[in-house]
Asker: 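Dropping a structure here in structure tokens format, bear with me for questions.
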2 protein chains.
Amino acid sequence: MVLPRAAKTQRRTRIQEEKEEQILEAALEVFSANGFRGSTIDQIAEVAGMSKPNLLYYFRTKEAMHRALIDRVLDTWLDPLREFNAEGNPVAEIRSYIRRKLEMARDFPRESRLFANEVLQGAPHIEDELKGPLKELVDEKAEVIRAWAKAGKIAKCDPYHLIFAIWSTTQHYADFDVQVRAVLGQENAGDGRFEDAARFLERLFVDGLQVREQPSSDYTEEI
Amino acid sequence: MVLPRAAKTQRRTRIQEEKEEQILEAALEVFSANGFRGSTIDQIAEVAGMSKPNLLYYFRTKEAMHRALIDRVLDTWLDPLREFNAEGNPVAEIRSYIRRKLEMARDFPRESRLFANEVLQGAPHIEDELKGPLKELVDEKAEVIRAWAKAGKIAKCDPYHLIFAIWSTTQHYADFDVQVRAVLGQENAGDGRFEDAARFLERLFVDGLQVREQPSSDYTEEI
DNA sequence: TGATAATTTGACCGGTTGGTAAACATTACA
DNA sequence: TGTAATGTTTACCAACCGGTCAAATTATCA
């Protein structure tokens, strides 16, 4: 037999699992840093420590590698949002969501950049995932937030744009890391910026979501 | 003479200015959509409506095209931050900065994506600009914000992370447009999402920056 | 151990890509 | 108008890139 990479229906060898693991790890490294088109199979092969034809023995094409990687990473990437709990304390839930997203930006920046690259270039490979599973999950959680607002537990606000704001502010620290470092300067070599960001963002969103009597727009017109 | 593309010291021909303009416009279109490595000179040539060697007559290399484009766009891209006025009303200044950044995300998404692509992939071509001019500008404006906070005009907060938050939330609507559209659904075909975003973000930041007596952290521990 | 299946690699192929050379066309201007 | 400078194109090249093939190597197990 000569096509074990098609061995999807059959039991996987130990060596198959190990090598596929190695390859996907290397693919994450390379794809997240260069985007799909910017990455070459040779690069991935070198990082994985194997020859190019060997990669292609496990994944028929570059696209297949990319897709397998996305499939594998997307689930865990959305976990924080799934944990969003309708029964919990609203402010605490939002706060903990922010914290978890920031931790992921710190601990899994490559995963963040993988998606950022993809979405930024028009999401040619994950359009279905965006319009399907992602949209459904967000719709569900947006409904939760809307209910909280309606019940007066948090300030009224557009739940979708709230989610976008949390996504963007937290992922910024992974996706635009070089810029953040450049602006903050050398002294922020450690992880301090993540703690500062956590303090700032938790405060921003929590204060911004407190229920208050007078609408904020009153402040607009002074001067 | 046969190297007019080196005609940097001499006076530029009318035709030179026109063609370079055409090329940079096409380069913006292509680079912003595909990133540097993902773009080909042929693509740019086709968009520009000229032959590949003709592009290379005006810009010696692909890199030179990219650099010229970045140089040209970076300045105007930073204009909103430059307008940030220390003498103005703090809340109004921040509010108007958010509005302007959102307008740019709506009207100049390609410029936003150009930088996003670049920074996301480690800013290999603009590292100097980040650590130089950008950092200096941000430092200056951060100082303004810090002074406002010290004077009690806005809540105390980390000015750098405030700027990061405004950048990320506003540019999100340009850089991750496909995702935003996918999540919001088809019905948001027009520019409505920008108006919704403006409402949400102005409220978020303005409320989050109001001076208040009790620190927000009090809310953390309930339940 | 030996035979069979699974894994790995070097050599190679066709298409693409950044860039060049030189001939050809057009413009500017004396 | 003539000519020199400027602008444009066709043909081409070498390197790269995704992918194939067949041979070689290693693992599996009766």
Asker: For A:A33, check side chain to side chain contact (heavy atoms under 4.5 Å, CB included) against everything at least two apart and list the hits.
Answerer: none

Asker: Whole Å only: how far is the OH atom of A:Y57 from the C1' atom of D:dG19?
Answerer: 17 Å

Asker: Taking the side chain of B:K62 as its heavy atoms from C-beta onward, which of D:dT20, C:dT7, C:dG19 lies nearest to it?
Answerer: C:dG19

Asker: Could you list the donor-acceptor pairs under 3.5 angstrom formed by side chains in residues 113-120 of chain B, with sequence neighbours left out?
Answerer:
| residue | atom | partner | partner atom | Å |
| --- | --- | --- | --- | --- |
| B:R113 | NE | B:A174 | O | 3.1 |
| B:R113 | NH2 | B:A174 | O | 3.1 |
| B:N117 | OD1 | A:Q121 | NE2 | 3.0 |
| B:N117 | ND2 | B:S32 | O | 3.1 |
| B:N117 | ND2 | B:R113 | O | 3.3 |
| B:E118 | OE2 | B:H125 | N | 2.9 |
| B:E118 | OE2 | B:H125 | ND1 | 2.7 |

Asker: So for A:K52 and D:dG19, does any side-chain atom that can act as donor or acceptor lie under 3.5 Å from a complementary atom in the base?
Answerer: yes

Asker: With a 4.0 Å limit, can you tell me whether A:S51 has a side-chain N or O closer than that to the phosphate oxygens OP1/OP2 of C:dT8?
Answerer: no

Asker: Sequence neighbours left out, what passes side-chain hydrogen bond (donor to acceptor under 3.5 Å, both in side chains) with A:E93? Give chain and number order.
Answerer: none

Asker: If only atom types and distance count, is the side chain of B:R110 paired as donor or acceptor with the main-chain N or O of B:F31 below 3.5 Å?
Answerer: no

Asker: Among D:dT9, D:dG7, C:dT9, which is the nearest nucleotide to the side chain of B:Y58?
Answerer: D:dG7

Asker: Give the rounded distance in Å between these two atoms: CG of A:L55 and P of D:dC21.
Answerer: 18 Å

Asker: Under the rule for side-chain hydrogen bond (donor to acceptor under 3.5 Å, both in side chains), what residues qualify as partners of A:Q171, not counting sequence neighbours?
Answerer: none

Asker: Quick one: A:K19 NZ to D:dT26 P, roughly how many Å, whole number?
Answerer: 12 Å

Asker: Round to the nearest Å and state the distance from B:M50 atom CE to C:dA25 atom C1'.
Answerer: 15 Å

Asker: Only distances under 3.5 Å count here; give the side-chain donor-acceptor pairs of residues 101-109 of chain B to other protein atoms, sequence neighbours excluded, each with its distance to 0.1 Å.
Answerer:
none

Asker: Would you sort out whether B:Y160 and B:D139 count as a side-chain hydrogen bond (donor to acceptor under 3.5 Å, both in side chains), showing the intermediate values?
Answerer: CA-CA 8 Å; B:Y160 289 94; B:D139 281 343; 2.5 Å; yes

Asker: What nucleotide among C:dG19, C:dT7, C:dG10 has an atom nearest to a side-chain atom of B:T61?
Answerer: C:dG19

Asker: Between B:N54 and D:dT9, is there a contact of a side-chain N or O with OP1 or OP2 at under 4.0 Å?
Answerer: yes

Asker: CD of B:E18 versus P of D:dT8: gap in Å, rounded?
Answerer: 10 Å

Asker: Just the rounded figure in Å: distance from C1' of C:dT27 to CD of B:Q16.
Answerer: 12 Å

Asker: Given atom CG of A:L56 and atom P of D:dC17, what is their separation to the nearest angstrom?
Answerer: 14 Å

Asker: I need the CD-P distance between B:E46 and C:dT16, as an integer number of Å.
Answerer: 13 Å

Asker: Near DNA chain D, which residues from residues 22-42 of chain B have a heavy atom under 4.0 Å away?
Answerer: B:R37

